[in-house]
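Note on naming: letters A, B, ... go to the chains in the order of the sequence lines (proteins, then strands), and numbering restarts at 1 for each one.
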Number of protein chains: 2
Amino acid sequence: MQTADAPLNSHAAPSIALLRGPAPTRKAHEASALGSVRRLVKDEEVFVEGDRAAFYYKVQSGAVRTFKLLSDGRRQIDAFHLPGDIFGMEPGEEHRFSAEAVGDATIVSYRRSNLGALDQDDGDVPTQMMSAVLLSLVRAQNHMLLLGRKNAVEKIATFLLDLSGRTANNDQIDLPMSRTDIADHLGLTIETVSRSLTQLERQGVIELPAHRRFIVLRNRPALERLDM
Amino acid sequence: MQTADAPLNSHAAPSIALLRGPAPTRKAHEASALGSVRRLVKDEEVFVEGDRAAFYYKVQSGAVRTFKLLSDGRRQIDAFHLPGDIFGMEPGEEHRFSAEAVGDATIVSYRRSNLGALDQDDGDVPTQMMSAVLLSLVRAQNHMLLLGRKNAVEKIATFLLDLSGRTANNDQIDLPMSRTDIADHLGLTIETVSRSLTQLERQGVIELPAHRRFIVLRNRPALERLDM
DNA sequence: CGTGTGTTTGAACCACTTCAACCCAAGTGG
DNA sequence: CCACTTGGGTTGAAGTGGTTCAAACACACG
């Protein structure tokens with residue numbers, strides 16, 4: 001059930017959710033003065049739970065998953081981080097979870113000590129950091145509602161809407177992650193994810209082209225009804 | 001299934017998780033210069049999802065629950081806030097969830113604008129706020145693992161250990177909240193909470209005195225084994 | 001004491017999981 | 001080219017942990 005695949009190297013830094021609202025303007029792919037860029041292959045780890053958290057990161061391209069494991073291997077992916085998102089912020093000295101590239105990806109790492117970096121120009125860094133962390137918290141809170149109180153189809157609906165909102169490709173979603181990743185994010189099994197998707201397809205709410213990493217939203221209002 | 005109890009008044013302020021690690025030293029019950037104290041009766045609301053978030057709060061005595069509702073009334077309590085904990089921090093202009101007193105309680109409210117307040121003396125405010133928010137995030141992340149991947153007994157075990165760690169009354173836990181609250185926090189029904197507790201009691205792991213708001217931990221290692 | 005709120009317990013049910021095939025597209029190499 | 005493998009993904013059938021529905025407790029309170 002786990003995706004403990006191909007660990008290659010190992011940096012260090014904590015984790016948060018995402019940053020989009022507060023520090024949007026600047027495009028994600030500029031190397032940002034003080035950060036060093038790092039290229040990751042599919043499933044490569046960025047850091048592991050327990051590592052010293054010397055850096056935090058910003059996704060430049062691709063996607064990163066942050067997750068926790070139970071001793072017997074059960075996995076919970078707390079968030080997927082897309083281009084522009086910041087992750088790896090920690091309150092203490094070490095990482096509270098692990099981070100891996102979902103597919104090939106590039107990230108920028110910032111030394112935790114010099115909290116400078118990110119978007120130099122606009123705005124004081126502390127405010128920016130605070131915004132990023134608060135946004136992560138909001139996402140986490142929404143996700144707790146999903147995990148604790150929604151059924152399988154509702155979970156999928158919420159997930160699709162969230163993803164479509166973050167990738168912006170009007171009603172076309174190009175999933176960066178596998179069904180297994182989705183399952184471990186939504187607190188389901190891979191089979192239930194698959195069944196829920198086909199159910200939504202049978203109802204004409206979505207479309208699942210042959211290319212299984214693609215989903216088309218056919219009836220957004222129906223999804224939104226499932227979301228509330 | 002819901003616990004839509006007795007809303008009384010309505011302030012305004014957002015919500016976060018808790019603060020304990022970073023700003024511990026000072027005792028919770030000092031009124032803290034700039035904050036105004038507020039006395040709450042059981043189930044009284046502090047603010048409702050959608051309210052303008054003009055304040056944030058610190059619990060002085062009692063307990064506060066923050067939660068979200070689905071349109072059909074399903075409820076997810078994202079956190080219980082105990083004395084010393086800060087809640088109601090928001091990234092935007094309005095509250096992302098609601099807050100109510102669990103039992104009678106007193107809280108201190110701080111204007112969001114003058115981020116001064118809290119523990120004047122030790123430490124810059126931004127750092128303190130950041131710590132509080134990051135701590136909330138850590139708690140949320142742990143809770144996502146619980147909600148998404150743990151079974152009923154494991155959820156209860158984790159909950160009891162967490163609570164005992166936060167109230168510090170060595171192995172004696174005085175629950176501030178009802179079974180319904182616990183259920184809505186752990187993503188279970190009240191019946192499953194009850195059954196899991198009696199199961200743990202039958203196994204000699206805990207003790208449930210007649211006073212149903214009391215629990216004694218009899219075998220902490222056993223609980224910790226369920227927790228990992 | 002009766003009434004009420006919160007909790008426990010029982011029994012039937014069901015949404016999701018588990019186990020097991022099977023499918024399908026993309027390599028690999030003979 | 002054509003086996004053969006490999007890594008997702010889907011589908012079916014059976015099992016089950018937790019829910020739902022219902023009833024009995026139990027203590028607190030006027």
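Here the options are A/L160, A/T158, A/L161, A/L200, the test is side-chain contact (heavy atoms from CB on, under 4.5 Å), and the partner is A/L226; only A/L200 passes. Exactly one of B/R96, B/Q76, B/K68 qualifies for a side chain to side chain donor-acceptor pair (under 3.5 Å) with A/N142. That residue is B/K68.
When side chains are defined from C-beta on, B/Y57 counts as touching B/V46, because their heavy atoms get closer than 4.5 Å. Counting heavy atoms from C-beta on, the side chains of A/M177 and A/I182 come closer than 4.5 Å. Residues A/E154 and A/M228 are not in side-chain contact: their nearest non-hydrogen atoms beyond the backbone lie 4.5 Å or more apart.
Within the structure, the salt bridge (charged side-chain N to carboxylate O under 4.0 Å, His left out) test picks out no pair touching residues 195-205 of chain A (sequence neighbours left out).
What separates CG of B/L197 from C1' of C/dT9 is a distance of 14 Å, to the nearest Å. Following rounding to the nearest Å, B/N151 (CG) and D/dT19 (P) show an atom-to-atom distance of 11 Å. If you take NZ of B/K155 and P of D/dG17, they are 14 Å apart, rounded to a whole angstrom. Rounded to whole angstrom, the span from the CG atom of A/L146 across to the C1' atom of C/dC16 amounts to 15 Å. Atom CD1 of A/I190 is separated from atom P of D/dG8 by 9 Å (rounded to the nearest Å). Going from atom CZ of A/R149 over to atom P of D/dT20 covers 9 Å, rounded to whole Å. The distance from atom NZ of A/K150 to atom C1' of C/dA15 is 18 Å, rounded to the nearest whole Å. The distance between atom CG of B/L186 and atom P of D/dG17, rounded to the nearest whole Å, is 19 Å.
In this model, the phosphate group of C/dT8 is approached by a side-chain N or O of B/R179 to a distance below 4.0 Å at OP1 or OP2. Note on B/T198: a side-chain N or O is less than 4.0 Å away from OP1 or OP2 of C/dT9. In this structure, B/T192 does not reach the D/dG18 phosphate: none of its side-chain N or O atoms is under 4.0 Å from OP1 or OP2. Checking the phosphate oxygens (OP1, OP2) of C/dG6, no side-chain nitrogen or oxygen of B/S178 falls inside 4.0 Å.
Comparing C/dT7, D/dT11, D/dT20 by their nearest atom to the side chain of A/E191 picks out D/dT11.
Within residues 205-214 of chain B, the residues approached by DNA chain C to less than 4.0 Å at the level of any non-hydrogen atom are B/R212, B/R213, in residue-number order.
Residue A/L188 is in sugar-phosphate contact alone, with no base atom involved, counting any heavy-atom pair closer than 4.0 Å across all strands shown.
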Side chains of residues 203-211 of chain A: which donor-acceptor partners sit under 3.5 Å, not counting sequence neighbours?
{"residue": "A/Q203", "atom": "OE1", "partner": "A/Q199", "partner atom": "NE2", "Å": "3.3"}
{"residue": "A/E207", "atom": "OE1", "partner": "A/R218", "partner atom": "NE", "Å": "2.3"}
{"residue": "A/E207", "atom": "OE1", "partner": "A/R218", "partner atom": "NH2", "Å": "3.1"}

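For B/R195 and D/dT20, a side-chain-to-base donor-acceptor distance below 3.5 Å is present, hydrogens and geometry of angles not being considered.
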